[in-house]
Every structure is written in C-alpha cells, then in structure tokens.
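Here is the structure we will look at, set down as structure tokens.
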Amino acid sequence: QVQLVESGGGLVQAGGSLRLSCAASERTFSTYAMGWFRQAPGKEREFVAAISWSGGSTYYADSVKGRFTISRDNAKNTVYLQMSSLKPEDTAVYYCAATSGSMYYLYEYDYWGQGTQVTVSS
C-alpha cells in the first residue's frame, strides 16, 4: 500500500508560480510511474502530467505543456510539479497518483493522495 501526501498548494496571482510536492511512504516508490491530476468544481478529474519510474519519460496535457514541469527524486520518494505562468483556469484540487501500469491512463493509477488546493486569482 502506497501512501501519498501532497503539499505546496495555495493562492497565487495569475502569472505566478507554485511547486507542488508529493511524498510517498513506499520504499519501492522508484518502481512506480507517477502522475498529477486535477479536479475543478463541477468538473471531472483530468490528467495534468506523468513521469516514468526512472524519470526518463514525461507526458503533459496540452493545456499545461510549456508551463508545468514534472520531476521526481527517487532518493527522497518525492515527485514534484513545478507550475509557472499560472492562469485562473488552473484553479483546482491537484492530486498525485502512483501506478505500476501505464502512466497514460487514469484508470491505471492504483494509489491516490488526498489532494492540495491551488487557487489562481485574476
């Protein structure tokens, strides 16, 4: 059982930056691909970014490509999401998740954090 805890959310003005962190409890963290997802009020949860177990492959939603960067530090059992040039439409609860399967599909993710709120004011 992998436990994931997100941190780093908050309130930021449009154009600003935030870095989210997700700490994993599992010593085998490095064997999981990791993803970030978000859910805005009244909307479905959507994919944001993913990174392979080694960090060698990354994948982004078109809406965040060029603005967000996902990375991981397997020595610290932590995955990050650096968010820049934030827009009001980025406002959502952000979740990290772990998968032993494909990182491209939401249904493949087995473990989820509790989420952290990101609010971007205009």
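We're numbering straight along the sequence, starting at 1.
Sorted pairs that involve residues 72-85 and meet salt bridge (Lys or Arg N to Asp or Glu O under 4.0 Å), not counting sequence neighbours, are lacking altogether. Applying the disulfide bond (SG atoms under 2.5 Å apart) test to pairs two or more places apart or on separate chains, none has a residue in residues 52-88. Among pairs with a residue in residues 8-115, those fulfilling disulfide bond (SG atoms under 2.5 Å apart) read C22-C96, at least two apart in sequence or across chains. Among residues at least two apart or in separate chains, there is no salt bridge (Lys or Arg N to Asp or Glu O under 4.0 Å) pair with a member in residues 5-17.
Evaluation of the ring pair (Phe, Tyr, Trp, His ring centres under 6.0 Å) rule for F47 yields F37, Y59 as partners, not counting sequence neighbours. With sequence neighbours excluded, the residues that form a side-chain hydrogen bond (donor to acceptor under 3.5 Å, both in side chains) with T119 are Q117. Applying the side-chain hydrogen bond (donor to acceptor under 3.5 Å, both in side chains) test to D90 and every residue at least two apart in sequence or in another chain returns R38, R67. S57 is linked by a side-chain contact (heavy atoms from CB on, under 4.5 Å) to S52, M103, counting only residues two or more places apart in sequence or in another chain. Partners of K65 according to the salt bridge (Lys or Arg N to Asp or Glu O under 4.0 Å) rule, which considers only residues two or more places apart in sequence or in another chain, are D62. The side-chain contact (heavy atoms from CB on, under 4.5 Å) test applied to E108 returns T99, S102, Y105, not counting sequence neighbours.
To the nearest 0.5 Å, atoms OG (S122) and NZ (K87) are separated by 14.0 Å.
The hydrophobic cluster containing F29 also includes V2, L4, V12, L18, L20, Y32, M34, W36, V48, I51, Y60, V64, F68, I70, V79, L81, M83, L86, Y94, Y111, V118, V120, under a criterion of side-chain heavy atoms closer than 4.5 Å among ILVMFWY residues, counted directly or through chains of members. Here V5 sits alone; no ILVMFWY side chain lies under 4.5 Å from its own, so it joins no hydrophobic cluster.
The heavy-atom pair separating Y109 from G35 by the smallest distance is CE2-N, 3.5 Å. Closest non-hydrogen pair, L11 versus S121, comes out as CD1-CB, 4.3 Å.
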